[in-house]
Amino acid sequence: KLPADETNGNLPIVSTHEIAWYAWTATKDPRMGEFIASGEVKNVTDLCYQTLALADIDSGRYHDLIQKNVERLFSLQRPDGQWSYKFEPDQAEVEFQTGQVLWTLKAAGVPLSDPHVAKAVKYLLGRQQSFGGWLDPLQSFENFRTPFRETQFATMGLSAYYPLSG
């Protein structure tokens with residue numbers, strides 16, 4: 001069983017799936033895949049980290065769950081290309097979540113030609129700020145007004161689909 005979410009007082013909360021994935025990368029403990037696969041998914045961040053972890057641990061063994069998670073992510077995408085941190089349709093879109101979903105879709109094997117990916121890429125590229133990073137004007141689900149999380153995940157998602165060559 002996965003432990004409770006990390007509660008350091010900051011938002012968004014650190015996903016238990018993220019912590020378990022990092023534990024697996026350090027230990028290669030064979031139990032971690034099943035812990036992650038059966039862990040509760042409470043928000044889109046959990047859904048992403050569960051998918052990322054399972055794709056890394058054993059994409060063949062967890063193929064069906066990875067594909068189910070991809071379909072759920074597709075169903076949660078907003079018309080403008082973004083995703084929210086939460087599952088409910090009335091929750092605000094979040095730039096950092098959009099970048100993280102893009103990174104996740106690449107890890108799950110979704111091609112750049114997929115319309116969901118194309119819409120997210122277009123959205124993120126249109127939101128890059130003049131200083132080079134990303135900054136969500138609403139800062140929904142974050143305690144601090146900084147460009148860190150948005151820039152981190154936008155860069156990870158975009159670079160997954162557009163890696164540097166040579």
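Residue numbers count from 1 along this sequence.
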For Phe148, look at atom CZ and say whether over 12 heavy atoms of other residues, nucleotides or ligands are found less than 6.0 Å away.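 No - once you tally the heavy atoms of other residues, nucleotides and ligands closer than 6.0 Å, there are 12 at most.
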What's the shortest heavy-atom distance between [X] and [Y], and which atoms?
X: Gln129; Y: Leu135; result: CG-N, 3.9 Å
X: Ala55; Y: Ala107; result: CB-O, 3.6 Å
X: Tyr49; Y: Gln100; result: CE1-NE2, 2.9 Å

Which label fits His116 and Phe74: parallel for a plane angle under 30°, tilted from 30 to 60°, or perpendicular past 60°? parallel
Any ion pair linking Asp29 and Arg31 (charged N to carboxylate O, less than 4.0 Å)?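 Yes, Arg31 and Asp29 are salt-bridged.
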Indicate yes or no: does Glu93 engage Lys86 in a salt bridge with an N to O separation below 4.0 Å.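 Between Lys86 and Glu93 there is no salt bridge, as every charged N stays at least 4.0 Å from the carboxylate O atoms.
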Main chain of [Y], side chain of [X]: is a donor-acceptor contact present, judged purely on distance under 3.5 Å?
X: Thr51; Y: Thr104; answer: no
X: Tyr85; Y: Gln97; answer: no
X: Thr151; Y: Trp134; answer: yes
X: Asp114; Y: Val110; answer: no

Close side-chain approach of Glu95 to Tyr123, heavy-atom, < 4.5 Å: yes
Report yes or no: is the cationic atom of Lys28 (NZ for Lys, CZ for Arg) closer than 6.0 Å to the six-membered ring centre of Trp24, at no more than 45° off its axis?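 That pair qualifies as a cation-pi contact.
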